[in-house]
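Computed over heavy atoms, backbone and side chain alike; hydrogens, waters and symmetry mates excluded.
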Amino acid sequence: MAEESWFRRELLTARRLIFNVIFYGLHFFFFGYGWYTQYANPRLAVLNTLKWPIWISRGSGLVLAFDGGLILIPMLRNILCLVRPKLSWLFPADENVWFHRQVAYSMAFWSMVHTTALYINFINVERRQIRKVTAQDLHYKQAGGITGHFMLLTMLIMYTTSHHIIRRQCFEAFCYAHHLGFFFMIALYAHANGCFVRDSVNPDYIRTFPFYSTEHCLGYFSWRFITWPGILYFGERVWGEIRARRDTRLSRVLIHPSGAMELQIIKPSFKYVPGQWLFIQIPDVSRYQWHPFTITSAPEDPYVSVHIRQVGDWTQALGERLGAGPSIVAALTSAAMRGSEMGDTIGRGDFVEIDPTLGNRELPVVRIDGPYGSPFGDFSNHEVAVLIGAGIGVTPFASILKHIWYKQKNGDIGSLRRVEFFWLCKDVPSFGWFQSLLQEVEAAQTDPNFLRINIYLTQNVGEDMLWNIVINSTGSAYDPLTLLRSHTMFGRPNWKSIFNEMREAIVNGTYFSRPESPQLKTTVGTYFCGPGALAKVIKRATKEATTDTVQFTFTTEHF
């Protein structure tokens with residue numbers, strides 16, 4: 001099957017089509033409403049002599065006020081956590097970052113339209129002397145022009161630092177630039193109340209809210225689009241700050257091969273469900289930066305843990321502060337690689353626990369804010385759950401697998417009949433991130449068919465390493481790379497074949513037994529965390545494998 005085109009995926013799929021009709025329909029409605037109310041208002045007859053530019057600027061200005069409030073709604077994370085379980089069928093809460101970007105794209109487009117029309121308006125006001133003022137004065141001495149240029153500057157900074165290349169290589173630039181959003185919203189409110197559209201020569205400001213007179217200033221009350229989402233967002237930030245300052249203690253720091261740091265945090269007030277994530281701040285590293293990480297512990301654990309790779313400025317600075325510098329990471333990685341090449345098992349899943357007394361420095365103060373929702377919370381509602389993690393994308397499933405393990409011990413696994421876990425790693429040391437967890441979960445299985453662990457090594461394996469693996473795996477009950485009973489596979493999975501075989505096994509009754517009603521429809525929940533390109537491949541495979549009797553759903557985590 002040919003790869004689905006961007007046009008078809010973004011515009012013609014049922015859910016996106018409904019979204020686009022509603023989203024763009026509202027935008028064109030507000031544009032038309034703004035245009036018409038300017039055109040049809042007899043009190044604005046003088047301004048209407050400017051014709052097309054004034055009508056376009058008014059329509060696009062109302063759209064921008066709508067977007068100014070709308071862009072904050074997907075960032076109301078606490079509210080989204082509440083609506084996700086109840087309204088996930090109606091409201092795409094798991095697409096909040098995608099929705100935030102769509103509003104940002106819309107704001108960029110309408111800002112260009114609005115700004116261009118206003119520039120023409122200002123020139124025409126001076127040229128026709130509709131008001132005794134120059135275009136330069138309108139630009140730089142009146143509220144509308146001053147706030148407008150300020151917003152254009154902040155948008156330029158925020159949009160450029162939001163590019164995925166800059167965001168990945170220098171998250172700090174993205175983080176700090178987005179703090180300008182607070183000043184942008186204040187400027188947007190002031191801009192909406194700038195009283196450029198009026199039936200008098202001079203603006204008519206007042207000292208009480210909303211600070212302009214409706215007798216002469218003939219706006220749309222568009223500040224209402226901005227104010228209420230702003231209040232909700234500000235309230236969320238204040239609540240998050242209060243919650244983050246509750247008693248928190250960093251209890252242990254473990255360093256795994258490939259430099260993955262495991263932080264175990266004690267916070268009695270922190271309650272969460274498997275697959276959720278949090279924001280973490282280390283004041284010793286940065287007082288203002290909050291970084292998102294997936295929770296890797298289970299709710300039943302006495303601590304909250306996150307796994308952090310040292311791949312950026314902030315994470316590398318954190319590694320140095322914790323005493324997990326390059327020398328420790330290199331030694332661990334070397335031991336893991338040496339073990340795989342020589343065929344022994346020493347060093348594969350070893351970790352180093354940081355002893356803060358050695359460097360005469362206590363563990364740093366840590367603050368966490370959350371938890372925030374995850375699309376993986378309904379995994380136990382399906383009979384079959386397929387969990388797929390690529391690289392560090394395995395982190396949400398560490399929490400889920402631990403939770404399943406605890407549920408098995410308590411004899412309460414809900415609707416689950418089978419769990420398929422896939423982990424794609426590009427190198428051997430990465431197996432050490434969660435080796436001990438996988439060993440414990442695998443050893444706890446009384447039913448060998450309930451949980452199947454499928455680990456794929458995707459890097460090119462040298463001939464010497466391959467022969468050592470073959471020799472050491474012959475006659476052994478455990479895989480020499482992972483020390484699991486499930487043997488490691490090499491290369492990339494054929495997802496189409498995997499899902500088709502799973503479907504046939506379910507239909508034939510060999511995948512799991514269902515003596516009470518073998519003909520019932522089976523839903524297989526597929527959950528993925530990893531690169532976007534791989535997500536598209538897996539999603540396409542689930543669609544192709546879906547039939548009337550076996551339905552594959554696909555859910556991916558968005559960061």
Side-chain angles (χ1 to χ4, degrees), residues 64-84 87 91 93-104 107 147 150-151 153-155 157-159 161-162 167 171-192 209-210 223-248 265 267 269-273 276-295 304 306 314 365-374 558-559:
L64 285 170
F66 173 66
D67 278 343
L70 197 63
I71 199 166
L72 294 176
I73 292 178
M75 297 296 103
L76 301 176
R77 296 187 179 93
N78 290 295
I79 295 176
L80 291 179
C81 284
L82 294 177
V83 305
R84 174 180 279 108
L87 298 177
F91 181 74
D94 301 325
E95 302 277 359
N96 63 313
V97 176
W98 176 86
F99 179 64
H100 180 75
R101 287 200 300 264
Q102 304 314 302
V103 180
M107 290 187 73
T147 55
F150 175 79
M151 286 189 292
L153 176 62
T154 55
M155 287 179 69
I157 297 172
M158 293 172 69
Y159 279 59
T161 55
S162 296
R167 193 173 67 247
F171 184 83
E172 291 81 359
F174 165 77
C175 180
Y176 287 135
H178 260 62
H179 284 112
L180 293 174
F182 174 77
F183 303 100
F184 176 88
M185 297 307 297
I186 293 176
L188 182 58
Y189 175 82
H191 187 78
F209 187 86
W223 52 266
R224 292 176 296 188
F225 286 128
I226 308 162
T227 303
W228 297 114
I231 291 173
L232 287 174
Y233 182 74
F234 181 75
E236 279 223 345
R237 293 299 298 266
V238 172
W239 166 242
E241 189 69 20
I242 294 172
R243 183 172 56 183
R245 291 183 180 276
R246 290 177 179 173
D247 183 46
T248 309
I265 304 165
K267 186 167 187 173
S269 62
F270 193 88
K271 308 298 180 184
Y272 61 98
V273 298
Q276 288 188 306
W277 53 278
L278 53 77
F279 281 103
I280 188 168
Q281 183 199 58
I282 310 290
D284 283 5
V285 178
S286 174
R287 284 187 170 273
Y288 305 106
Q289 291 184 37
W290 289 87
H291 291 257
F293 294 100
T294 304
I295 300 170
V304 181
V306 294
W314 186 86
V365 173
V366 61
R367 298 171 63 196
I368 59 176
D369 175 34
Y372 293 110
S374 165
H558 297 277
F559 290 105

Between Glu241 and Arg367 (salt bridge meaning N to carboxylate O under 4.0 Å), is one present in this structure? yes
Using every non-hydrogen atom in the two residues, find where Thr161 and Ile157 come nearest and quote the distance to one decimal. OG1-O, 2.8 Å
Give a yes or no on whether the backbone of Ile71 and the side-chain of His100 come within a donor-acceptor separation of less than 3.5 Å. yes
Using modelled atom types and a 3.5 Å cut-off, is there a donor and acceptor pairing between side-chain atoms of Glu236 and backbone atoms of Arg77? yes
Show the numbers, then the answer: is there a side-chain contact (heavy atoms from CB on, under 4.5 Å) between Trp277 and Val306? CA-CA 9 Å; Trp277 53 278; Val306 294; over 6 Å; no
Set of salt bridge (charged side-chain N to carboxylate O under 4.0 Å, His left out) partners for Arg237, sequence neighbours left out: none
Would you indicate whether Tyr159, at its atom OH, is surrounded by more than 12 heavy atoms from other residues, nucleotides or ligands within a distance under 6.0 Å? yes
Single hit among Leu72, Ile73, Leu76 for side-chain contact (heavy atoms from CB on, under 4.5 Å) with Leu232: Leu76
Looking only at atom types and distance, does a side-chain atom of Ser269 sit under 3.5 Å from a main-chain N or O of Lys267, one as donor and one as acceptor? no
Is the shortest side-chain heavy-atom distance between Phe270 and Ile265 below 4.5 Å? no
Would you please test Val304 and Tyr272 for side-chain contact (heavy atoms from CB on, under 4.5 Å) and show each step? CA-CA 9 Å; Val304 181; Tyr272 61 98; 3.9 Å; yes
Does the pair Tyr372 and Phe279 meet the rule for a ring-ring contact (aromatic ring centres under 6.0 Å, His included), with working shown? CA-CA 9 Å; Tyr372 293 110; Phe279 281 103; 5.8 Å; yes
